[in-house]
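Only heavy atoms go into these numbers, but all of them, side chains included; no hydrogens, no water, no symmetry mates.
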Amino acid sequence: MLIAEETFGSMEIQQLVLCMIAKEKGDETDNYLGDFSVLDVNDMDAYKKEHIIGAEHYNKALISRERYETDVLKRAKKENLFLVIYGLGAANVTATLFQRGFKAIFLRGDIPNFRKLFPNGLLTDGTVNSIDTEVLTKRHQFLKDTRGGRGRLLYTPQGNRRAKSAESAQRQKRLSSAVGSRPPWRY
């Protein structure tokens with residue numbers, strides 16, 4: 001169980017894509033994660049169907065064993081790697097690994113979300129072994145350039161809920177002015 005002060009990091013898929021591109025190109029300035037490994041904690045069938053290129057499968061049932069470490073975890077500890085974890089139940093796996101001393105980062109989102117943002121060059125069924133840096137760079141730039149630099153698909157605007165509540169407040173104001181100062185339940 002995590003203590004209240006302990007928090008693990010999280011990241012969005014576009015941040016991971018930038019780090020993957022930088023790692024592929026050997027550019028140390030854009031890869032702020034440094035050395036990292038991507039872990040998919042979905043079940044094996046979902047992993048075989050589709051996963052991020054270069055992601056390794058991690059059976060989340062193994063997390064209950066305190067003293068048992070897979071080869072991925074041994075290598076991460078030995079090489080001081082960041083572990084970027086995604087999939088169903090990834091938050092629990094990330095929290096547990098973080099508590100055990102690993103550099104664990106939770107990747108927000110899921111495969112359908114990743115496919116929506118980056119339809120080409122990021123996901124594979126196991127047939128492709130390296131990311132397509134050119135396609136991913138162009139797609140990331142497109143997402144970044146739309147909507148005045150905020151990105152139409154890259155960033156979800158926070159104002160949507162506020163806009164709806166503002167609209168409902170204006171509608172309520174119009175209704176109250178039409179009814180007058182009396183409450184609507186009084187005639």
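With sequence neighbours excluded, the residues that form a side chain to side chain contact (heavy atoms under 4.5 Å, CB included) with Leu88 are Asn42, Lys60. Contacts of Tyr86 classified as ring pair (Phe, Tyr, Trp, His ring centres under 6.0 Å), with partners at least two apart in sequence or in another chain: Phe114. With sequence neighbours excluded, the residues forming a side-chain hydrogen bond (donor to acceptor under 3.5 Å, both in side chains) with Ser10 are Arg108, listed by chain and number. Looking at residues two or more places apart in sequence or on another chain, you find a ring pair (Phe, Tyr, Trp, His ring centres under 6.0 Å) between Tyr47 and His51, His57. Applying the side-chain hydrogen bond (donor to acceptor under 3.5 Å, both in side chains) rule to Glu50 yields the partners Arg115; only residues at least two apart in sequence or on another chain are considered. Taking Lys138 as the reference, Glu134 meet the salt bridge (charged side-chain N to carboxylate O under 4.0 Å, His left out) condition, with sequence neighbours excluded. For Arg100, there are no salt bridge (charged side-chain N to carboxylate O under 4.0 Å, His left out) partners two or more places apart in sequence or in a different chain. Considering only residues two or more places apart in sequence or on other chains, Thr70 meets the side chain to side chain contact (heavy atoms under 4.5 Å, CB included) condition with Tyr58, Leu62, Tyr68, Val72, Leu73. Residues satisfying the side-chain hydrogen bond (donor to acceptor under 3.5 Å, both in side chains) criterion with Asn113, sequence neighbours excluded, are absent altogether. A search for salt bridge (charged side-chain N to carboxylate O under 4.0 Å, His left out) contacts involving Glu56 returns Arg75, not counting sequence neighbours. Residues meeting the side-chain hydrogen bond (donor to acceptor under 3.5 Å, both in side chains) test with Asp132, sequence neighbours left out: none.
The two residues Phe106 and Ala90 come nearest to each other via the heavy atoms CE1-CB, 3.6 Å. In terms of heavy-atom proximity, Ala104 sits nearest to Phe98 at CB-N, 3.9 Å.
When side chains are defined from C-beta on, Val17 does not count as touching Leu117, because their heavy atoms never get closer than 4.5 Å. Considering only heavy atoms from C-beta on, Ile13 comes within 4.5 Å of Leu122 through its side chain. The side-chain heavy atoms of Ile52 and Asp40, taken from C-beta on, include no pair separated by under 4.5 Å. The closest side-chain heavy-atom distance from Ile105 to Thr94 is not below 4.5 Å. His140 is listed as a side-chain neighbour of Phe118, based on a closest heavy-atom distance under 4.5 Å.
There is no path of hydrophobic side-chain contacts, each under 4.5 Å, that joins Leu18 to Met11. Follow the hydrophobic side-chain contacts under 4.5 Å out from Leu143 and you never reach Val135; the two are in separate clusters.
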Counting only pairs under 3.5 Å, give me each side-chain donor-acceptor contact of residues 77-85, with atom names and distances, residues two or more places apart or in other chains.
{"unit_1": "Lys77", "atom_1": "NZ", "unit_2": "Glu69", "atom_2": "OE2", "d": "3.0"}
{"unit_1": "Asn80", "atom_1": "OD1", "unit_2": "Lys103", "atom_2": "NZ", "d": "3.4"}

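Annotation: the span from Lys144 atom NZ to Thr137 atom OG1 amounts to 11.5 Å, rounded to 0.5 Å. To the nearest 0.5 Å, atom OG1 of residue Thr133 and atom NZ of residue Lys25 are 5.5 Å apart. Taken to the nearest 0.5 Å, the CD1 atom of Ile53 stands 6.5 Å off from the CE atom of Met20. Annotation: the span from Met44 atom CE to Asn59 atom CG amounts to 8.0 Å, rounded to 0.5 Å. For the atom pair OG1 (Thr124) and CD1 (Ile131), the distance works out to 12.5 Å, reported to the nearest 0.5 Å.
The local environment of CG in Asp71 is sparse, with at most 12 non-hydrogen atoms from other residues, nucleotides or ligands closer than 6.0 Å.
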